[in-house]
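On a predicted model such as this, the values are computed, not experimentally measured, just so you know.
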Amino acid sequence: MKDFNLKSYHIRGMNAATEAEKAAINQELKDLYETLSDEDKKDFNEQLQTFLIKEMATINSFYQATKEDNLN
């Protein structure tokens, strides 16, 4: 199984200076996806889903901590 290092794309996108730079990073990711075999696309999609779930859990954890801090 290939490691697509989705976090690196995410960090680059967050640190992009302009919307054009973000769009270029997204296009790079789309171009990569188009070159993949069906099996690699399946792996990519599974890794993307796992990455997004982890990121959402992290965001929720920070939100809950901030919310609790504001109540105290």
Side-chain angles (χ1 to χ4, degrees):
M1 174 188 285
K2 281 186 181 180
D3 177 18
F4 294 102
N5 197 4
L6 297 167
K7 187 170 187 166
S8 70
Y9 287 97
H10 178 66
I11 290 171
R12 287 174 50 213
M14 287 187 336
N15 292 324
T18 65
E19 288 301 315
E21 188 178 350
K22 282 183 189 179
I25 294 164
N26 285 336
Q27 188 60 53
E28 181 183 335
L29 198 52
K30 289 176 185 178
D31 292 345
L32 168 64
Y33 186 81
E34 288 304 315
T35 68
L36 300 176
S37 68
D38 287 344
E39 186 64 30
D40 285 342
K41 283 180 180 179
K42 182 178 179 245
D43 289 343
F44 178 94
N45 289 332
E46 289 173 0
Q47 288 180 40
L48 178 59
Q49 184 176 12
T50 299
F51 174 76
L52 292 174
I53 289 168
K54 286 179 182 176
E55 287 300 306
M56 290 303 294
T58 300
I59 290 168
N60 185 52
S61 177
F62 285 136
Y63 171 76
Q64 292 301 326
T66 302
K67 185 175 167 184
E68 290 171 12
D69 285 347
N70 286 335
L71 293 176
N72 295 327

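- At a threshold of 4.5 Å between non-hydrogen side-chain atoms, the residues Leu6 and Leu29 count as touching.
- Residues meeting the side chain to side chain donor-acceptor pair (under 3.5 Å) test with Gln49, sequence neighbours left out: none.
- Considering only residues two or more places apart in sequence or on other chains, Phe44 meets the ring pair (Phe, Tyr, Trp, His ring centres under 6.0 Å) condition with Phe4, Tyr33.
- Distance check, rounded to the nearest 0.5 Å: NZ of Lys54 to OG1 of Thr58 gives 9.0 Å.
- Looking only at distances, a side-chain donor or acceptor of Asn45 sits under 3.5 Å from a matching main-chain atom of Lys41.
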Stepwise side-chain hydrogen bond (donor to acceptor under 3.5 Å, both in side chains) test for Gln47 and Asp43: CA-CA 6 Å; Gln47 288 180 40; Asp43 289 343; 5.6 Å; no
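- Within the structure, the ring-ring contact (aromatic ring centres under 6.0 Å, His included) test picks out the following pairs touching residues 48-71 (sequence neighbours left out): His10-Phe51.
- Applying the salt bridge (charged side-chain N to carboxylate O under 4.0 Å, His left out) criterion to Lys2, with sequence neighbours excluded, gives Asp40.
- Under the rule for a side chain to side chain contact (heavy atoms under 4.5 Å, CB included), the partners of Ala16 that lie at least two apart in sequence or sit in another chain are Glu21, Lys22, Ile25.
- The side chain to side chain donor-acceptor pair (under 3.5 Å) search around Asn15 returns none, not counting sequence neighbours.
- Residues forming a salt bridge (charged side-chain N to carboxylate O under 4.0 Å, His left out) with Glu46 (at least two apart in sequence, or on another chain): Lys42.
- Environment of CE in Met56: sparse, with no more than 12 heavy atoms of neighbouring residues, nucleotides or ligands closer than 6.0 Å.
- The side chain to side chain contact (heavy atoms under 4.5 Å, CB included) check on Ser8 picks up Asn5, with sequence neighbours excluded.
- Judged as a side chain to side chain donor-acceptor pair (under 3.5 Å), and not counting sequence neighbours, the contacts of Glu28 are Arg12.
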